[in-house]
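Presented below is the structure to which this report refers.
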Amino acid sequence: MEDVLDIYEMPYNPNLPVVCMDEMPYQLLYDSRAPLLMRCNDTQKIDYEYVRNGTCSIFAFIEPLAGRHHVSVKEHRTAVDWAEDIKFLVDEMYPDVEKIILVMDNLNTHVKGSLYKKYPPEEARRMIKKLEFHYTPKHGSWLNVAEIELNVLSRQCLSRRLPSIDIVRSELAAWESERNSNHDIVNWHFSNNNARIKLISL
């Protein structure tokens with residue numbers, strides 16, 4: 001925990017961006033009956049029944065101090081899916097930085113070995129040399145700023161039924177574009193000093 005909080009207290013350095021990453025499952029649903037037409041000053045009326053149309057995984061990256069956001073939607077949550085997003089992070093989002101400080105939970109796919117499952121060894125090693133991994137402790141995913149990002153995403157964009165992965169991708173692309181144009185940052189307040197007082201019983 002203290003390692004992650006030390007990272008959050010670092011001053012902003014565009015050459016050493018701190019990026020937080022998290023992922024969540026999302027259930028694809030469509031209405032079994034068409035919603036009623038909306039009336040003025042009234043909410044939409046939808047039937048409580050729905051049809052399941054599979055699931056997908058949403059990967060979220062956020063640079064809290066710069067207000068830079070990226071989300072992607074995958075059919076699965078495998079090591080290869082994670083590796084593809086890491087390549088995008090390294091080569092597309094931050095191609096010219098010295099190193100990317102990456103904060104994430106300790107899921108079994110969030111490891112260097114996942115890059116070797118997707119890419120040749122020299123390519124995997126090239127990306128690893130640009131990354132510095134920091135993991136939130138077990139049962140401490142609340143320390144990951146990307147979890148806040150996914151919460152905002154769920155409330156602003158996913159709080160309704162979306163029937164297909166293509167629609168989810170389209171909606172999230174629009175949401176990401178707006179977040180980036182607004183440069184929405186995260187102002188993290190919880191420090192090691194706070195932790196040592198509030199969590200003294202642990």
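These values consider heavy atoms only, across backbone and side chains, with no hydrogens, waters or symmetry-generated copies. Numbering of residues begins at 1 and proceeds along the displayed sequence.
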Margin query: Please give me the minimum heavy-atom distance between Lys129 and Lys99, naming the atom from each residue.
Written below: O-NZ, 3.4 Å
Margin query: Tell me which one of Ile58, Ile148, Ile62 satisfies side chain to side chain contact (heavy atoms under 4.5 Å, CB included) with Leu153.
Written below: Ile58
Check: Are any non-hydrogen side-chain atoms of His110 and Met21 less than 4.5 angstrom apart?
Finding: yes
Check: Do Lys74 and Cys56 have side chains that get closer than 4.5 Å, going by heavy atoms?
Finding: no
Next item on the list: Working to the nearest 0.5 Å, report the span between CG of Leu89 and CD1 of Ile100.
Entry: 4.0 Å
Next item on the list: State whether the number of non-hydrogen atoms from other residues, nucleotides or ligands found under 6.0 Å of Glu75 atom CD is greater than 12.
Entry: no
Notebook entry, point to check: Which pair of heavy atoms, one from Leu28 and one from Ile165, lies closest together, and at what distance?
Noted result: CD1-N, 3.8 Å
Item checked: Nearest-0.5 Å distance that lies between atom CE in Met127 and atom NZ in Lys87 -> 5.5 Å
Check: Are any of the side-chain heavy atoms of Thr136 and Asn106 separated by less than 4.5 Å?
Finding: no
Notebook entry, point to check: Quick one: does NZ or CZ of Arg68 land under 6.0 Å from the six-membered ring centre of Tyr94, within 45 degrees of the ring axis?
Noted result: yes
Next item on the list: Indicate whether the side chain of Glu147 and that of Trp142 have a donor and an acceptor atom separated by less than 3.5 Å.
Entry: no
Notebook entry, point to check: Checking Lys130 side chain against Pro95 main chain: does a donor-acceptor pair fall under 3.5 Å?
Noted result: yes
Check: Can a donor-acceptor pair be found between the side chains of Asp3 and His134 at a distance below 3.5 Å?
Finding: yes
Notebook entry, point to check: Will you find, in the side chains of Asn192 and Asp6, an N or O donor that is under 3.5 Å from an N or O acceptor?
Noted result: yes
Next item on the list: List, by chain and then residue number, the residues other than Tyr12 in its hydrophobic cluster (Ile/Leu/Val/Met/Phe/Trp/Tyr, side-chain heavy atoms under 4.5 Å); write none if there are no others.
Entry: Leu65
Next item on the list: Could I get the full list of ring pair (Phe, Tyr, Trp, His ring centres under 6.0 Å) partners for Tyr8, not counting sequence neighbours?
Entry: Trp188
Notebook entry, point to check: CD of Glu171 to CG of Leu158: how many Å apart, nearest 0.5 Å?
Noted result: 8.5 Å
Next item on the list: To the nearest 0.5 Å, tell me how far Phe190 CZ sits from Leu143 CG.
Entry: 7.0 Å
Next item on the list: Kindly assign one of parallel, tilted or perpendicular to the pair Trp82 and Phe133, based on the angle between their ring planes and the thresholds 30° and 60°.
Entry: tilted
Next item on the list: Kindly write out the residues that satisfy side chain to side chain donor-acceptor pair (under 3.5 Å) with Asn180, not counting sequence neighbours, or none if the list is empty.
Entry: none
Item checked: Heavy-atom closest contact (Ile185 atom, Pro64 atom, distance) -> CB-O, 3.2 Å
Item checked: Value rounded to 0.5 Å, distance of CD1 in Ile86 from OG in Ser114 -> 9.0 Å
Notebook entry, point to check: When you look at Asp184 and His69, which way does the side-chain hydrogen bond (donor to acceptor under 3.5 Å, both in side chains) test go after all the steps?
Noted result: CA-CA 8 Å; Asp184 291 321; His69 310 260; 5.1 Å; no
Next item on the list: Take Asn194 and Ser191 through the test side-chain hydrogen bond (donor to acceptor under 3.5 Å, both in side chains) and record every step on the way to the result.
Entry: CA-CA 5 Å; Asn194 299 137; Ser191 67; 3.0 Å; yes
Notebook entry, point to check: Under the 3.5 angstrom rule, does the side chain of Asn15 hit a backbone N or O of Glu98 as a donor-acceptor pair?
Noted result: yes
Next item on the list: Kindly compute the distance separating CZ (Arg52) from CD (Gln27), expressed to the nearest 0.5 Å.
Entry: 5.0 Å
Notebook entry, point to check: Can you tell me if Tyr26 uses its side chain to pair, donor with acceptor, with the backbone of Val168 under 3.5 Å?
Noted result: no
